[in-house]
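Shown next, in structure tokens, is the structure this report addresses.
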There are 4 protein chains.
Amino acid sequence: MSKKEAILNAATELFARKGYNGTAASEIAVQAKVAQGTVFHHFKSKENLLVSICDELVKDYVSGIEKAAEGPGTGWEALERILRFNQEFKRNRYDSIAVAFRETGDLSKATGEIHDHFFVLVNQIIDVMSSCIEKGIADGSIRQVPVQLTAYLVHVLLVGMIHVETEGLLEMPELDDELLEFCRRSLTT
Amino acid sequence: MSKKEAILNAATELFARKGYNGTAASEIAVQAKVAQGTVFHHFKSKENLLVSICDELVKDYVSGIEKAAEGPGTGWEALERILRFNQEFKRNRYDSIAVAFRETGDLSKATGEIHDHFFVLVNQIIDVMSSCIEKGIADGSIRQVPVQLTAYLVHVLLVGMIHVETEGLLEMPELDDELLEFCRRSLTT
Amino acid sequence: MSKKEAILNAATELFARKGYNGTAASEIAVQAKVAQGTVFHHFKSKENLLVSICDELVKDYVSGIEKAAEGPGTGWEALERILRFNQEFKRNRYDSIAVAFRETGDLSKATGEIHDHFFVLVNQIIDVMSSCIEKGIADGSIRQVPVQLTAYLVHVLLVGMIHVETEGLLEMPELDDELLEFCRRSLTT
Amino acid sequence: MSKKEAILNAATELFARKGYNGTAASEIAVQAKVAQGTVFHHFKSKENLLVSICDELVKDYVSGIEKAAEGPGTGWEALERILRFNQEFKRNRYDSIAVAFRETGDLSKATGEIHDHFFVLVNQIIDVMSSCIEKGIADGSIRQVPVQLTAYLVHVLLVGMIHVETEGLLEMPELDDELLEFCRRSLTT
DNA sequence: GATGAATGAGTTTTCATTCAT
DNA sequence: TATGAATGAAAACTCATTCAT
């Protein structure tokens with residue numbers, strides 16, 4: 001593992017555990033076993049580190065969700081695959097997601113850069129979901145619901161799941177299957 | 001308006017706009033038109049200010065939601081009133097809610113105090129919703145769904161709404177009515 | 001002496017001795033016997049400290065030179081008083097002058113603010129000298145020389161004196177009287 | 001152009017424009033289109049770079065001034081050639097001169113090395129001018145003035161010119177010819 | 001000769017908090 | 001109750017310099 005990667009991993013873990021503002025650049029250096037200066041040699045600022053973390057996450061998420069949508073079967077099945085992918089992604093990339101979710105607010109104030117990334121991302125998600133729903137309505141697997149509004153609602157549900165889990169205020173029972181049922185009842189014919 | 005109230009209002013507005021970490025105690029003093037020392041005369045620390053903001057919010061929310069649940073009619077109607085109250089509350093207390101949502105993570109790390117407040121709050125919400133759902137199943141207005149899991153899911157949906165709105169990454173269409181429909185289709189008989 | 005004054009004095013002396021860049025804010029605090037934070041409580045930045053030093057100097061210089069010009073007698077006598085004032089000022093305010101001279105370059109890059117101060121100052125000096133020369137030509141005490149160019153040249157001579165002394169590269173003999181003679185021979189009838 | 005020359009040129013230009021302290025070694029590398037390490041491969045330190053710039057300048061200046069003094073004619077004519085050479089040199093080597101002038105103070109604090117260079121240089125200049133004045137007094141082209149003090153004064157005038165021009169606080173009219181007249185009136189018989 | 005990753009000391013600045021008035 | 005000067009710990013960032021390749 002290169003020093004750059006070590007720094008990125010250390011930052012991801014520390015940001016997830018202690019928050020962006022709660023993590024000093026020096027701590028990242030210690031955890032990554034490099035000198036302080038090395039952090040700033042590879043990332044031009046602490047914020048740039050955060051941007052890098054989010055950047056990678058966004059890329060992987062979008063490509064994953066698009067792949068999920070492209071599969072065979074009805075519109076509902078595609079939407080179901082998206083929901084499943086989301087749940088899996090959440091498990092595999094917990095720290096990065098927690099960071100991206102929690103610090104998004106600060107980021108959007110500081111740099112337009114990352115805000116734009118997320119803006120693009122979210123709109124892409126809505127688009128992908130919308131086409132699944134549209135397809136589902138066409139093939140009869142999904143009821144006659146307002147396409148875009150419903151896409152937003154499903155997105156909101158996913159966002160809520162991540163928020164509740166990453167804020168950790170609540171010991172949540174396992175909701176993944178029930179979430180699918182909840183949507184299925186509401187959406188399928 | 002007493003100086004204490006002025007400080008609380010100033011803090012709420014600034015925390016909402018610039019984040020807790022992005023707001024200096026001195027800025028709060030300026031905005032509230034008091035001296036720096038006065039802030040710490042009324043609130044023993046900056047964090048205490050945040051706790052106060054959240055505290056008040058929590059009290060009002062819980063009492064509001066309980067009142068909504070107590071009304072007449074079927075379980076579903078009670079649940080619907082809760083959802084409506086939530087939407088109204090979100091509009092009336094936007095800044096405080098944004099603060100509480102965004103800074104909840106930092107708080108839970110810093111002090112147990114506020115974390116406990118929220119923990120109690122959320123469990124209360126879940127309980128109230130659970131009883132509505134239970135009642136609804138009993139009176140036939142709600143399908144045979146797992147009571148607690150469903151309560152969690154509705155909560156998650158509400159949390160998602162607030163997150164999406166307060167983070168402001170997305171220009172959302174008005175979803176309030178469709179959210180109700182989404183739940184109605186999924187839950188009612 | 002207030003802490004603010006102590007800081008200003010300490011900074012003047014240290015800047016004169018070690019240069020602006022060679023002086024750490026912490027050293028100023030030590031020398032002024034205050035805490036680091038106190039420096040930034042009274043001056044919003046290290047550069048603002050420099051600006052304050054120069055500001056005061058400029059004010060005193062301009063008022064002194066104007067008073068010198070206003071006195072009675074011929075134009076040459078007024079010019080002579082200006083030269084004498086300059087020499088005296090140089091002795092009384094050595095440190096501040098050294099600072100202002102040496103750091104003027106850095107300042108003019110950083111802030112327009114102080115650059116403008118100096119710009120105004122220098123033009124005022126030229127104006128005052130010009131009127132003395134004009135008066136001298138009119139009253140026959142000064143030869144028929146180009147008014148403004150000569151004012152510039154006298155200024156250049158004064159600037160050269162300060163530069164040579166404050167840079168301290170050279171052990172200069174006492175030149176004050178000879179400088180007056182040099183100008184007298186060149187300018188008087 | 002060798003890489004070493006490229007580095008020296010880049011440094012001269014950047015130091016002149018942004019000051020010694022305001023110029024990072026890495027910037028010099030970028031401007032010279034070499035790697036960071038290469039700068040330190042050719043010059044053992046950043047300060048050594050500055051010393052090199054000044055060194056070359058000093059050599060050229062001294063040799064030029066000596067050549068000017070050696071020519072034929074009266075002592076005043078020799079002094080006039082020195083003044084003219086100074087004006088020409090100032091035009092041809094503007095950046096290096098600006099650097100040497102502005103950074104001389106810092107240098108004299110840091111290393112004795114460069115301070116000594118300049119000390120030798122300035123004394124050489126004084127000596128050369130002194131002999132011109134002496135010669136002029138002997139051949140009747142220059143008045144009976146104190147030899148060394150006058151040499152210093154002429155030097156001070158030249159220094160003032162450079163200071164005023166390189167600090168750039170003032171939009172100066174062309175003073176070269178008038179400076180000669182000023183001296184001529186003061187010094188010649 | 002040439003490179004650029006790595007270093008860590010040093011700097012300015014911020015800010016919550018205290019306390020004498 | 002109200003003030004604001006004073007504090008000092010902590011933080012992000014810079015940069016000359018080294019060294020293995």
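Throughout, protein chains are lettered first and strands after them, A, B, ... in sequence-line order, and every chain is numbered starting at 1.
- Here the closest heavy-atom approach between residue B:A100 and residue B:L57 is recorded as CB-CD2, 3.7 Å.
- In this structure, B:K4 does not reach the F:dT1 phosphate: none of its side-chain N or O atoms is under 4.0 Å from OP1 or OP2.
- The D:A24 side chain lies nearest to F:dC15 when the options are F:dC15, F:dT3, E:dT17.
- A distance-only check finds no donor-acceptor pair linking the side chain of B:T38 to the backbone of B:H41 [under 3.5 Å].
- Across the interface with DNA chain F, nearest-nucleotide mapping of C:K33 and A:A25 shows C:K33 to be the residue nearer the 5′ end.
- The heavy-atom pair separating A:I28 from A:L49 by the smallest distance is CD1-CD2, 3.9 Å.
- Map C:K3 and A:K46 each onto its nearest nucleotide of DNA chain F; the residue landing nearer the 5' end is C:K3.
- Closest non-hydrogen pair, B:G22 versus B:E27, comes out as O-OE1, 3.6 Å.
- Nucleotide F:dA11 holds its C1' atom 12 Å from the CG atom of B:N21, rounded to whole Å.
- A straight line from CD of C:E5 to C1' of F:dA5 spans 15 Å, rounded to a whole angstrom.
- Across residues 34-43 of chain B, B:Q36, B:F40 each have a non-hydrogen atom less than 4.0 Å from an atom of DNA chain E (numbered order).
- The side chain of D:K44 places no N or O atom within less than 4.0 Å of a non-bridging phosphate oxygen (OP1 or OP2) of F:dT17.
- Residue contacts shown for D:T23 are limited to sugar-phosphate atoms, with no base heavy atom under 4.0 Å away.
- Atom CD1 of C:I28 is separated from atom P of E:dT13 by 10 Å (rounded to the nearest Å).
- Rounded to whole Å, atom P of F:dA12 lies 11 Å from atom CG of A:L49.
- Here E:dG8 presents its P atom at 18 Å from CD of A:E27, a figure rounded to the nearest Å.
- Across every strand in view, E:dA5 sits in a pair with F:dT18 that passes the Watson-Crick or G-U test at under 3.5 angstrom.
- The minimum heavy-atom distance between B:V39 and B:I7, with the atom names listed, is CA-CD1, 3.9 Å.
- Remark: side-chain polar atoms of B:Y20 are not paired, donor with acceptor, to backbone N or O of B:R102 under 3.5 angstrom.
- The side-chain tip of C:K46 does not point at the ring of C:F15 from less than 6.0 angstrom away and within 45° of straight on.
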